[in-house]
Amino acid sequence: MEKIRLLDSAKAELAIRKLKEAYPNAKYYLNFKTPIDLLVAAILSAQTRDVIVNKITPALFAKYRTASGYADADESELLSMINNVTFAANKAKNIIKTCRILIEQHGGKVPETMEELTALPGIGRKTANTILINAYDKVEGIPVDTWVIKVAFRTGLTSEKNPDKIESDLTRTVDKNDWGRISYVLKAHGHAICHSTLPLCSKCVINNLCPRNGVEKSL
Ligand code: SF4
């Protein structure tokens, strides 16, 4: 089995600095105005491309607006508005169920703590971190999505594949001031250069640092 190489802390710091410089405008990728918009968009985004979610959410946000709007929604009508996303039927049910809990237990507001958020159905640490960072400007951890998993592993910022363990590794390596943005930097790098199947290593700003863990072919 191929040996996984980790960057030492000086190299990790340098790699992160170079990536941050390469993507100065990296930011959260789903459009929203309110915490409830963000919660709904985050539920819709599971295994669905951002561009699809961003296409359907303006009409959805305009129609339902608040937790009670979604809690009282007609399920089939809601489903008809989101049927371009994967697992649309489950997501429609989840949105309604989650918003009913928000009404019953949180006065109709999206909670502002990790504990309360992760107690909601279908909300894991990734989504909770995303909501805390982007809706409330509270940084408790680092959202770990599929791009973060891939890029952090390849670059030797972690040897883990489990999101919670990756988050833990990244919070040790990445300066806390960067926790709120590092996921979006890694995702931007994945989109632009560190492609899933054929990364463009020859064009990569960290190609002299990156151990390329798990990369079999590259350009
Ligand atoms: S593109 Fe290649 S060198 Fe750059 S981060 Fe990805 S695997 Fe590493």
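Heads up: numbering here begins at 1 and tracks the sequence. All ligand and atom numbering here is 1-based and tracks the order in the structure. These values consider heavy atoms only, across backbone and side chains, with no hydrogens, waters or symmetry-generated copies.
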* How about Cys204: does one of its N, O or S atoms come closer than 2.8 Å to atom 6 (Fe) of ligand 1? -> no

* May I ask whether Leu157 and Ile4 are part of the same hydrophobic cluster, defined by side-chain heavy atoms of I, L, V, M, F, W, Y residues being less than 4.5 angstrom apart, directly or through others? => no

* Structure fact -> Numbered in order shown, the ligand 1 atoms found under 4.0 Å of a heavy atom of Val215 are 7 (S)

* Same apolar cluster: Leu30 and Leu39, side chain cutoff 4.5 Å -> yes

* Structure fact -> In this structure, atom 2 (Fe) of ligand 1 is nearest to the protein heavy atom Cys201 SG, 2.3 Å

* To do: Within a distance under 4.0 Å of any heavy atom of Ile193, pick out the atoms of ligand 1 and give their elements.
  => 1 (S)

* When you measure from atom 3 (S) of ligand 1 to each heavy atom in Ala152, Gly214, Cys210, which option holds the nearest one? -> Cys210

* With a 6.0 Å cut-off on ring centres, are Trp147 and His189 close enough? -> no

* Asked: Which ligand 1 atoms, with their elements, are less than 4.0 angstrom from a heavy-atom of Thr155?
  -> 5 (S)

* Any side-chain heavy atom of Asn129 sitting closer than 4.5 Å to one from Glu167? -> yes

* Asked: Do Tyr28 and Leu117 belong to the same hydrophobic cluster, where Ile, Leu, Val, Met, Phe, Trp and Tyr are linked whenever their side-chain heavy atoms lie under 4.5 Å apart, directly or via other members?
  -> yes

* In terms of side-chain heavy atoms, does Ser80 have a donor or acceptor partner in Glu77 at a distance below 3.5 Å? -> no

* Asked: So, Phe61 versus Phe32, ring centres under 6.0 angstrom or not?
  -> no

* When you measure from atom 6 (Fe) of ligand 1 to every protein heavy atom, which one gives the shortest distance, and what is it? -> Cys194 SG, 2.4 Å

* Asked: For His195, is the nearest heavy atom under 4.0 Å from an atom of ligand 1?
  -> no

* Best match, His189, Arg154, Lys203: closest heavy atom to atom 5 (S) of ligand 1 -> His189

